[in-house]
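Here is the structure we will look at, set down as C-alpha cells.
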Amino acid sequence: MAITRHDLTRRREQLQDLQRYLAVLEADHDGARAKLLGFRQRYLEALGPLMRELDEIEAQLHQATALLGEALKRQGVEVPMSAPPRGRTWPDIPPLPDATPLPPEPTGPLTDLPPPSLKTLYRRAAMRFHPDLAPSGPEREVCEQRMMIVNEAYAGGDRGKLESLLLAAGELPEKVVGGPADAVRAWLGLCEHMVQGRIRVVQAQMALLQSHQMHELHIAVERAEVGGMRPLDIMAARLRAQITERRQELYIGERVGGDAKLAADFLRKRYQRLTGLGLG
C-alpha cells in the first residue's frame, strides 16, 4: 500500500518524540544513579571502617565460641550454636547497558512515493526563496537572485534546476525527487520498535535502582538530615558501642573455657542475642 509524504512526516515526528522521551528517561536514570553512588561513597567513608572492624570481631567471636562448643560437646554438654556471621555486602549499582544504535535510513531505488509535480516544486521553492519573506539586506538580495532562477526554471520546465535548489536548501529528498517509501516505512517501524524496547529497559533499570537497599537508606538519611539530624554520626556511635560490647564478649569467651557451666551459659546467651530465640 502506498504511503504519502504526510504519513512519512508523521511517522518521523512520532519517532523523534519517542527518542526525546527516551533521552529524558536515560537522563533521569543517570542522574539518580550518580546521586546514589555519591551517597554510597559518603556512607562507606563514614561507616565502612567501623563495619569492617565489627565484622572482624564477630568472626573472632564465632571462632572462639565454636571451640567452646566443641569442648563442651566432648564433655557431654549440648548447647545451641549460631551460624557463622556473614560480612556486609553492598550490591553494585550498575549503569545502563549500552544501547544498540539505530540502523541508517535506507536509500534504495524502489519507491511507491512519486516525485512531486513541477508546480509543487515551484511552490516550495517560492516559499524558501521569495524575497518578500526574507529580511532586508544581503540575504534579501540573494533571495531575489535565486527567485529569478526559480521563475526561469519553472517557465522553462527545468525540473532538475528546481530539485537542485531545494536539495541544496535542505529539503528532504523524498519531498523533492520521491524516495524509497517502502524501505523507509519498514525502517521507521524497526526504529520505533528498538526505541520502545530501550524505553522498557531504562524503566526496568530505574525500578531496580529505586528498589536497591542503598536507595532506601539514602532516602531515610536524607530525610533525617533535612530535619536537622546527623544520622551517619548516630550510626557510627552505635557501631562503636557494638564494637565495645563485642570486644567484651570476646574477652569473656576466651576465658570461660575452664568452667563448663559458665561456658554453656555464655554460649546460650550469645545464641539468644543472635537469634532472638529464648531457650526453655
Side-chain angles (χ1 to χ4, degrees), residues 16-63 65 80 82-100 194-253 269-279:
Q16 291 169 355
D17 288 342
L18 280 174
Q19 289 175 303
R20 282 191 287 267
Y21 177 58
L22 172 60
V24 170
L25 290 180
E26 289 179 329
D28 288 346
H29 174 277
D30 291 345
R33 179 175 179 268
K35 191 174 182 180
L36 192 55
L37 286 171
F39 170 75
R40 179 183 181 179
Q41 181 68 22
R42 184 164 72 96
Y43 178 85
L44 293 179
E45 286 177 355
L47 304 179
L50 294 172
M51 290 188 291
R52 286 191 294 273
E53 183 179 357
L54 183 57
D55 287 343
E56 290 171 2
I57 297 172
E58 289 286 8
Q60 294 172 27
L61 256 172
H62 178 74
Q63 184 178 10
T65 54
S82 58
R86 291 182 297 177
R88 294 173 180 82
T89 59
W90 299 104
D92 290 336
I93 306 174
L96 285 172
D98 292 336
T100 302
M194 293 177 66
V195 173
Q196 289 167 348
R198 177 67 175 177
I199 287 172
R200 289 191 291 271
V201 168
V202 176
Q203 289 172 332
Q205 287 290 110
M206 184 61 120
L208 287 175
L209 195 65
Q210 293 173 343
S211 64
H212 194 283
Q213 65 186 81
M214 189 61 77
H215 173 77
E216 297 174 0
L217 181 61
H218 177 211
I219 296 300
V221 168
E222 194 173 60
R223 287 175 179 170
E225 289 176 337
V226 169
M229 298 177 63
R230 303 180 66 178
L232 294 183
D233 290 346
I234 295 172
M235 293 178 191
R238 289 176 179 171
L239 284 170
R240 292 189 186 96
Q242 289 175 352
I243 289 170
T244 300
E245 291 173 359
R246 296 296 88 76
R247 287 195 182 282
Q248 292 172 349
E249 193 175 352
L250 178 61
Y251 179 85
I252 295 170
K269 288 182 178 178
R270 174 169 167 77
Y271 181 82
Q272 288 175 340
R273 178 179 68 78
L274 293 176
T275 65
L277 300 175
L279 297 172

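Atoms considered below: every heavy atom in the structure, side chains included; atoms not considered: hydrogens, waters and symmetry mates. Note that the numbering runs from 1 along the sequence shown for the chain.
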Mind checking the [atom1]-[atom2] spacing from [X] to [Y]? Nearest 0.5 Å is all I need.
X: E225; Y: L232; atom1: CD; atom2: CG; value: 5.5 Å
X: I93; Y: Q213; atom1: CD1; atom2: CD; value: 9.5 Å
X: M51; Y: E58; atom1: CE; atom2: CD; value: 14.0 Å
X: L250; Y: Q248; atom1: CG; atom2: CD; value: 11.0 Å
X: E249; Y: L61; atom1: CD; atom2: CG; value: 5.0 Å
X: L208; Y: Q203; atom1: CG; atom2: CD; value: 12.5 Å

Any Lys/Arg nitrogen of [X] or [Y] sitting under 4.0 Å from an Asp/Glu carboxylate oxygen of the other?
X: D55; Y: R52; value: no
X: E245; Y: R273; value: no
X: R247; Y: E53; value: yes

Minimum heavy-atom distance [X]-[Y], with the two atoms named:
X: H29; Y: P94; answer: CE1-O, 4.5 Å
X: S211; Y: E216; answer: O-OE2, 4.0 Å
X: H62; Y: R270; answer: N-NH2, 4.0 Å

For Q63, does the CD atom have more than 12 heavy-atom neighbours from other residues, nucleotides or ligands under 6.0 Å away? no

Would a 4.5 Å heavy-atom cut-off, applied to side chains only, mark [X] and [Y] as touching?
X: Y21; Y: D17; value: no
X: R223; Y: V226; value: no
X: K269; Y: I252; value: no
X: T100; Y: R198; value: no
X: L54; Y: L50; value: no

Would you sort out whether M214 and L36 count as a side chain to side chain contact (heavy atoms under 4.5 Å, CB included), showing the intermediate values? CA-CA 7 Å; M214 189 61 77; L36 192 55; 3.9 Å; yes

Side chains of E45 and Q41: do they bring a donor and an acceptor to under 3.5 Å? yes

Do the rings of H218 and H215 sit parallel, tilted or perpendicular, given the 30° and 60° boundaries? perpendicular

